[in-house]
Amino acid sequence: MSGNTFGAHLYSDGKQEAPMLPEFPEITRCKKCDSIFWLVSLEEIGTYYPGYHDHPGQSEWEAADSAEFLSIGDYFRALDEGLAENLSEELYLRQRIWWAYNDRVREKKGAMFRSGQDEALWKENLLRMLELPDNSDQGRLVIKAEIHRNLGDFETCVQILQALDDPELNHVKEILLRDCAQQNRWVVELK
């Protein structure tokens with residue numbers, strides 16, 4: 001399958017929403033048994049091609065469930081169940097938790113937090129993301145700066161941003177510095 005990023009929206013938390021290049025989940029939950037599992041761990045037994053009814057085996061798979069993104073609670077459950085077997089998988093789950101919370105701002109779906117416990121879980125997740133090993137990649141530093149901004153630690157965010165020396169990140173840097181000056185903690189679109 002091919003795609004492109006025309007009409008894509010990029011956000012300060014690193015999430016990209018591209019209508020012509022959709023993201024697919026790497027982990028999902030079975031609707032029948034409620035198990036959460038990584039899709040890569042499954043054996044493919046058939047393929048369904050939407051819209052191609054004359055393709056062999058299509059009717060056999062038409063009623064099969066599609067893999068869907070997890071809810072915030074399911075991502076936390078995956079972490080609690082030890083499904084993240086390495087740092088890369090943990091970062092994937094924690095980033096998706098962060099994005100799911102930020103989707104509430106992106107989609108203007110009411111309050112960022114449903115309760116004090118919800119906010120505590122959000123904060124705990126972000127603090128753990130900051131603890132994960134850093135390869136000093138400039139993009140990873142932008143994410144760390146954004147986490148500090150989300151947590152309201154504008155001073156640390158500014159320090160990290162000012163240390164960036166990649167000219168390709170200047171536009172992002174300007175936007176985040178502006179939002180720090182305005183004391184805005186929440187995700188913003190990088191236009």
Side-chain angles (χ1 to χ4, degrees), residues 5 7-19 21-31 34-38 65-84 89-132 134 139-161 169 171-191:
T5 56
H9 299 272
L10 181 62
Y11 295 92
S12 55
D13 60 1
K15 184 174 184 180
Q16 176 181 274
E17 293 177 345
L21 188 63
E23 182 186 11
F24 297 98
E26 293 182 27
I27 190 168
T28 194
R29 184 176 54 82
C30 176
K31 293 176 181 144
D34 203 40
S35 296
I36 296 175
F37 54 90
W38 293 98
D65 290 331
S66 296
E68 295 178 359
F69 288 97
L70 298 176
S71 67
I72 291 171
D74 285 338
Y75 283 120
F76 277 118
R77 186 176 135 205
L79 287 167
D80 290 343
E81 291 179 3
L83 293 176
E89 290 177 351
E90 181 180 358
L91 184 58
Y92 177 89
L93 294 173
R94 292 191 179 282
Q95 186 176 53
R96 293 321 179 273
I97 291 168
W98 186 29
W99 289 356
Y101 274 109
N102 284 343
D103 284 345
R104 294 174 179 173
V105 173
R106 269 187 275 273
E107 298 165 9
K108 297 174 178 56
K109 289 190 171 179
M112 176 72 162
F113 307 113
R114 309 289 192 246
S115 66
Q117 181 184 10
D118 195 31
E119 184 174 5
L121 287 169
W122 168 83
K123 184 176 182 179
E124 176 186 309
N125 184 63
L126 290 183
L127 291 173
R128 175 63 184 145
M129 286 180 73
L130 288 174
E131 292 172 358
L132 294 175
D134 182 6
R140 177 79 177 118
L141 291 175
V142 170
I143 293 299
K144 283 192 164 200
E146 176 65 355
I147 290 171
H148 282 287
R149 188 177 72 84
N150 287 174
L151 293 169
D153 183 0
F154 301 110
E155 186 177 323
T156 302
C157 178
V158 168
Q159 289 172 354
I160 294 170
L161 292 171
L169 294 173
H171 178 67
V172 173
K173 193 171 159 177
E174 286 173 23
I175 291 170
L176 297 182
L177 287 171
R178 177 203 66 209
D179 279 274
C180 280
Q182 295 173 353
Q183 305 276 296
N184 176 24
R185 295 175 48 198
W186 310 123
V187 66
V188 293
E189 186 172 356
L190 303 175
K191 295 183 180 180

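Treat the numbers as computed from the prediction; the structure is a model and nothing was measured.
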Can you tell me how far CG of L169 sits from CD1 of I175, rounded to the nearest 0.5 angstrom? 11.5 Å
Of all heavy-atom pairs linking D118 and M112, the shortest is OD2-O, 4.1 Å
Under the side chain to side chain contact (heavy atoms under 4.5 Å, CB included) criterion, do R178 and K173 qualify, and how do the steps go? CA-CA 8 Å; R178 177 203 66 209; K173 193 171 159 177; over 6 Å; no
Would you compute the distance between atom NZ of K191 and atom OH of Y11 and round it to the nearest 0.5 angstrom? 8.5 Å
How about I72 and L121: do any of their side-chain heavy atoms sit closer than 4.5 Å? no
Side chains of Y101 and N125 only: does a donor on one sit below 3.5 Å from an acceptor on the other? no
If I take atom CG from residue D179 and atom CD from residue E174, how far apart are they, to the nearest 0.5 angstrom? 12.0 Å
Candidate pair K123 and L126, rule side chain to side chain contact (heavy atoms under 4.5 Å, CB included), full reasoning: CA-CA 5 Å; K123 184 176 182 179; L126 290 183; 5.8 Å; no
Drop me the distance from L10's CG to H171's NE2, to the nearest 0.5 angstrom. 9.0 Å
Between atom CG of L79 and atom CZ of R128, what is the distance when rounded to the nearest 0.5 Å? 9.5 Å
Test: E90 and R94 ion pair at under 4.0 Å: yes
Taking S12 for the side chain and V187 for the main chain, is one N or O donor matched with an acceptor at less than 3.5 Å? no
State, with a plain yes or no, whether a side-chain heavy atom of L130 is found less than 4.5 Å away from one of L151. yes
Decide if atom CD of Q117 counts as having more than 12 heavy atoms of other residues, nucleotides or ligands within a radius under 6.0 Å. no
Main-chain N/O of I147 paired with W98 side-chain donor or acceptor, under 3.5 Å: no
Hey, are E81 and R77 close enough for a salt bridge, meaning a charged N less than 4.0 Å from a carboxylate O? yes
Taking all atoms of both residues into account, what is the closest heavy-atom pair of W122 and N150, and its distance? CH2-O, 3.3 Å
Compare every heavy atom of C157 with every heavy atom of A145, then report the nearest pair and how far apart it is. O-SG, 3.2 Å
So how far is it from L70 CG to L93 CG, rounded to the nearest 0.5 Å? 8.0 Å
Quick check: closest heavy atoms across E26 and Y92, and the distance to 0.1 Å? N-OH, 3.1 Å
Considering only NZ, NE, NH1 and NH2 on the basic side and carboxylate oxygens on the acidic side, decide whether D153 and R185 come within less than 4.0 Å. no
E68 side chain near K31 side chain, heavy-atom distance below 4.5 Å: yes
We want to know whether E189 and H9 form a side-chain donor-acceptor pair, criterion being a heavy-atom distance below 3.5 angstrom. yes
Does any part of the side chain of R104, heavy atoms only, come nearer than 4.5 Å to the side chain of R114, both counted from C-beta? yes
If you look at every heavy atom in F37 and I27, which pair is closest and at what distance? O-CG1, 3.2 Å
Is it the case that the side chain of W99 and the backbone of D13 share a donor-acceptor pair, with hydrogens and angles ignored and the cut-off at 3.5 Å? yes
Nearest heavy-atom neighbours spanning F69 and F24: CZ-C, 3.7 Å
Kindly write out the residues that satisfy salt bridge (Lys or Arg N to Asp or Glu O under 4.0 Å) with D103, not counting sequence neighbours, or none if the list is empty. K15, R106
Say whether, by atom type as modelled, one donor and one acceptor occur between the side chain of R149 and the main chain of N184 under 3.5 angstrom. yes
